[in-house]
Amino acid sequence: MNRIARCFRWLTAWLGGAPAAAGIVAGLLALMQIPALGQQPAPESKSESRSESEPEARVIEEIIVTGEYFESTLDETPGSVSVLGRSTMQGQEARHFDQVSSAVPNLNFAAGATRPRFFQIRGIGERHLYVQSVNYSVGVLADELDLTQFPAGAGLFDVRQVEVLRGSQGTRQGANAIAGLILLRSEDPSRDDWRGQIRYGIGNYGNSSVELGVGGPLSERVRVRVAGVQERSDGFMQNSTLDRDDVNGIDENAHRLKIHIDLSDDLQLRLMGQRAENSNNYDGFSLDNSRVSTADVLGRDDLDYFGRSWALEWNLPAVRIIRRTTYMRAETFYGYDEDWVYTDFCADYDCFSYGEGGARIPITPENQYFNTDFYERKYGGDTDELLLSSGEDGLIFAGTTRWLLGVYRSESFRSLSRNGAHFDAQYRSIYAPYRSWTDEASTAYFFEIQSRLGERARLIIGYRDADENTQYTDSDDLSLDLDDRLWGGRAVFEWSTPDGHRLFLQYARGYKRAGVNYDRVWLRPEERPYQAETLDNIELGLTANSADGRLRTRAVAFRMRRHNPQTSASLVFFWPNGAPAYVDTFANAESGHNLGFELELGWSIAPHLQLDASLGLLTTRYGALVFRDHIDTTGYSVEGRDQANAPSRTLQTSLIWDVPASADVVLETTLQHRGGFFVSDSNPQRIGSHSLMHLRATWFLSSGNTQMSVWVRNLLDEEYFIHGLYFGNDARDGYTAKGYLQHGEPRHFGLSIRTRFGDAL
């Protein structure tokens, strides 16, 4: 214990000696002293399945983490990992990941579309996508398929669990996971019998959804599972000009097929295909920050996606060989009425702009500014990965060490058409038609070893060396070829206490490739390319469980140092006729510092009462960087400022009560809180903190195989916001720059019925 105390003192000093750091360290020490809470068995949740023969005890299910190269239980997985199971997703009637993201400490999201499509972990992540080609900081995988570019295709239908790996995943994922990785694991075909579920749900705001998932053996060696979902909703916005209440509505369909074939006792082939078709409306903003828009052109947020993968796994006594490939093609169509008003708006209101010397210039319907902005993108990508890892007889160093070697190759393309002539006449724009083409290639070699150092200690070392190439061409005659040689990895030391607690210290390094700014009119030549970003992350964590298993905790203190952080800004310039031009740009700050603490716990308070909670605390700062535009020609410095979309605190608690008086009723309540944050790195606008409450009551029928749930999201009808913009768009105040906000969901309620057949899932 003396050595452990010295480690904690060193960590406190390394964190800066601040009182908050000392409190974090003291909390970790206290967690190591968790006593047994008694020997009464913990009750099992009825929120997943129920049978008459089931005991009244809650048994905490063993959770397997698949996001690592070597699968392990959650307790045995070092690093910052959150796993959200079916009970969490069902407890909030979540159809998409953003609806359960508050259960993950220090995770935030931004919308800017019909659904939230940008995620930030520990304050790092992108917030919007317009003309700019974006390198993502948070990866999103659905099984083996990469949906980072369009996470709207990653719904939760037939998903058994979601894993969120926080911190740099330099060994596991490489690029696009410098801040972390979100991994959705869908149900696999069952081996022994046919199993499945059907879910139907309805709610206010025109909400309806149908979901099906079923699978089982076709023969002794072939298994299959099919799943699909259809979801409709009017959304939560109205439009007074178009007289519609579905202008931010959802119309989505998705399907998945999995086939597993045992080619022999040691050789398995896994095939998967997935399709998503979203035809969503998008009208999310108004001049008065209300839920009523006055736009006269309906925005779109469409996705047509197809992906497939195959994996061949050969398990030999000494070595395990895996070869897997993926193929993906997608098209998106995204756009909006940029002025947010109808053609004769300035006939009904006093509109004006400011000329030279601040002179007030009247605006009439004939010279009123109006514009639409639409983007059509096409994506494609292919990956090929070969893994060699140790089998049961292949351990090295006297049987103490597992090993893995791998090679990875990917090629992808992205093309953009902005306001092209092929659009309808109504999609006219002051912007000249713009095209861009981006081709990316990556080749990486990596290894990882996990070595036992005696009975209680373990050492993990991973390394990934990558060659990242980006070729960019656009209709402005710009052509750039960027090459980056980057590396990532991790080193973890883990120690188990005699009473079963686990303490780990981890260093991880991640990276993000360089990129290109699109605009050549307003940006200087040296401002067009921006550099690669790297990140160093140090974590001290503890997994501590009570002796009877009724209380489980995971706590992590971390510090992240960003080198050349890629920082985005929306700058404002003006054409000679006075029309504004909004330029989205990336630049590299000198540095970034992210410090925080994360805690997750599950507590069986009583035989029929379960508490799940998570807490995230975060402090972020930028190093030197100055943005300049026509509005602020002296420059806007971000040095010393909080990073955008980085709330200082996130909190969620869920209470599950199996009502003792009735063996067939479960009540669940979830409380969520998120602190305030800046919406951008280039302006002063902030989104305030908010707290939400969700409720769900479930009745189990037919021996637990059918359940009916009544649910309410945002019970108290709290007004909160999920995206923000800052610019001048209202002619009634002379296009003065100010903040505009996109609303989150209001009070939303409904009914769902879920029927399971075969063995309980």
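Everything numeric in this text was worked out from a predicted model, so none of it was measured. Nothing fancy with the numbering, it's 1 onward along the sequence.
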With a 4.0 Å cut-off, would you call [X] and [Y] a salt bridge?
{"X": "R115", "Y": "E231", "answer": "yes"}
{"X": "R199", "Y": "E93", "answer": "yes"}
{"X": "D730", "Y": "K738", "answer": "yes"}
{"X": "E376", "Y": "K378", "answer": "no"}
{"X": "R232", "Y": "D246", "answer": "no"}
{"X": "R275", "Y": "D304", "answer": "yes"}

How long is the span from the [atom1] atom in [X] to the [atom2] atom in [Y], to the nearest 0.5 Å?
{"X": "Y379", "Y": "L147", "atom1": "OH", "atom2": "CG", "result": "11.5 Å"}
{"X": "N371", "Y": "E338", "atom1": "CG", "atom2": "CD", "result": "4.5 Å"}
{"X": "L741", "Y": "S286", "atom1": "CG", "atom2": "OG", "result": "9.5 Å"}
{"X": "R435", "Y": "R418", "atom1": "CZ", "atom2": "CZ", "result": "11.0 Å"}
{"X": "D733", "Y": "C351", "atom1": "CG", "atom2": "SG", "result": "10.0 Å"}
{"X": "Q566", "Y": "I178", "atom1": "CD", "atom2": "CD1", "result": "7.5 Å"}

[X] side chain near [Y] side chain, heavy-atom distance below 4.5 Å:
{"X": "H128", "Y": "V679", "answer": "no"}
{"X": "D302", "Y": "N278", "answer": "no"}
{"X": "I182", "Y": "V104", "answer": "no"}
{"X": "N248", "Y": "Y282", "answer": "yes"}
{"X": "R377", "Y": "Q149", "answer": "no"}
{"X": "D146", "Y": "T326", "answer": "no"}
{"X": "D382", "Y": "R329", "answer": "yes"}
{"X": "F97", "Y": "F119", "answer": "yes"}

I need the minimum non-hydrogen distance between [X] and [Y], along with the two atoms involved.
{"X": "L156", "Y": "V100", "value": "CD1-CG2, 4.3 Å"}
{"X": "S290", "Y": "D288", "value": "OG-OD1, 2.8 Å"}
{"X": "S137", "Y": "G125", "value": "CB-CA, 3.8 Å"}
{"X": "L84", "Y": "M89", "value": "O-CE, 4.0 Å"}
{"X": "S309", "Y": "L145", "value": "CB-CD2, 4.1 Å"}
{"X": "D481", "Y": "Q471", "value": "OD2-NE2, 3.6 Å"}

Taking [X] for its side chain and [Y] for its backbone only, find out whether a donor-acceptor pair lies under 3.5 Å.
{"X": "N239", "Y": "A295", "result": "yes"}
{"X": "H743", "Y": "G284", "result": "no"}
{"X": "D344", "Y": "P365", "result": "no"}
{"X": "D245", "Y": "Q238", "result": "no"}
{"X": "N204", "Y": "F749", "result": "yes"}
{"X": "Y205", "Y": "M237", "result": "no"}
{"X": "R117", "Y": "F150", "result": "no"}
{"X": "S689", "Y": "G676", "result": "no"}
{"X": "Q742", "Y": "G112", "result": "yes"}
{"X": "H96", "Y": "G155", "result": "no"}

| request: Walk me through it: do E468 and Y511 pass the test side-chain contact (heavy atoms from CB on, under 4.5 Å)? | output: CA-CA 11 Å; E468 307 282 353; Y511 58 85; 3.7 Å; yes
| note | Given the options Y334, Y375, Y136, L129 meets side-chain contact (heavy atoms from CB on, under 4.5 Å) only with Y136
Donor + acceptor pair across side chains of [X], [Y] (<3.5 Å):
{"X": "D296", "Y": "T343", "answer": "yes"}
{"X": "D348", "Y": "Y342", "answer": "yes"}
{"X": "D474", "Y": "Y472", "answer": "yes"}
{"X": "S293", "Y": "D283", "answer": "yes"}
{"X": "E252", "Y": "N280", "answer": "yes"}
{"X": "D301", "Y": "T114", "answer": "yes"}
{"X": "N253", "Y": "Q230", "answer": "yes"}
{"X": "S186", "Y": "D143", "answer": "yes"}
{"X": "R300", "Y": "N281", "answer": "yes"}
{"X": "Q672", "Y": "Q92", "answer": "yes"}

| said: Between Q643 and F678, is the side-chain contact (heavy atoms from CB on, under 4.5 Å) condition met? List the steps. | reply: CA-CA 7 Å; Q643 297 168 24; F678 288 108; over 6 Å; no
| Think R308 forms a cation-pi with Y327, using NZ or CZ under 6.0 Å from the six-ring centre and within 45 degrees of its axis? | yes
| message | Do R256 and F157 form a cation-pi contact, if we require the NZ or CZ to be under 6.0 Å from the six-membered ring centre and within 45 degrees of the ring's axis? | response | yes
| Only one of E126, Q120, H723 clears side-chain hydrogen bond (donor to acceptor under 3.5 Å, both in side chains) with N645; which? | Q120
| said: Can you confirm whether D243 is buried at CG, in the sense that more than 12 heavy atoms of other residues, nucleotides or ligands lie under 6.0 Å from that atom? | reply: no
| said: Applying side-chain contact (heavy atoms from CB on, under 4.5 Å) to W437 and F413, what does each step give before you reach the verdict? | reply: CA-CA 7 Å; W437 301 266; F413 70 86; over 6 Å; no
| task | Check step by step if side-chain contact (heavy atoms from CB on, under 4.5 Å) holds for R562 and T620. | result | CA-CA 11 Å; R562 304 175 65 182; T620 64; over 6 Å; no
| field | Residue that, paired with F727, satisfies ring pair (Phe, Tyr, Trp, His ring centres under 6.0 Å) out of Y740, F285, Y735 | value | Y740
